[in-house]
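Working notes, structure below.
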Amino acid sequence: MIKQFIQKLGVMNVIMLLVVLSIIIVSEVMFLSGNKLEGIFIAFWAPTILGFMNYLKYKK
């Protein structure tokens with residue numbers, strides 16, 4: 001099942017999605033631990049990376 005998912009999306013897309021997921025987790029941990037501004041700053045990276053992925057996808 002996971003192998004089919006990776007083949008369907010492509011290896012680089014799966015890696016980028018894992019990076020985005022880790023960014024979301026790190027930003028939540030930072031926000032909840034009291035570093036609110038740093039958590040919000042890091043949280044903005046996730047939609048930026050997803051937007052860049054969409055740009056590259058539709059540029060082809």
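When the side chains of ILVMFWY residues are joined at heavy-atom separations under 4.5 Å, either directly or via intervening members, Val26 and Leu37 end up in two distinct hydrophobic clusters. Met12 and Leu17 fall within a single hydrophobic cluster, where Ile, Leu, Val, Met, Phe, Trp and Tyr are joined by side-chain heavy atoms under 4.5 Å apart, directly or via other members. Residues Met16 and Phe44 fall into different hydrophobic clusters, defined by Ile, Leu, Val, Met, Phe, Trp and Tyr side chains chained together at heavy-atom separations under 4.5 Å. In the hydrophobic clustering of ILVMFWY residues, with side-chain heavy atoms under 4.5 Å counting as a link, Val20 and Val11 come out together.
Rounded to the nearest 0.5 angstrom, Ile23 CD1 and Leu50 CG are separated by 8.5 Å. Lys36 contributes atom NZ, which lies 12.5 Å from atom OG of Ser27 (distance to the nearest 0.5 angstrom).
For the ring pair (Phe, Tyr, Trp, His ring centres under 6.0 Å) condition, no pair includes a residue of residues 6-25, sequence neighbours left out. Applying the ring pair (Phe, Tyr, Trp, His ring centres under 6.0 Å) definition to pairs two or more places apart or across chains, those involving residues 8-41 are Phe41-Trp45.
More than 12 non-hydrogen atoms from other residues, nucleotides or ligands lie less than 6.0 angstrom from CD of Gln7.
Considering only heavy atoms from C-beta on, Ile24 stays 4.5 Å or farther from Ile42 through its side chain.
The side chain to side chain contact (heavy atoms under 4.5 Å, CB included) test applied to Leu21 returns Ile25, not counting sequence neighbours.
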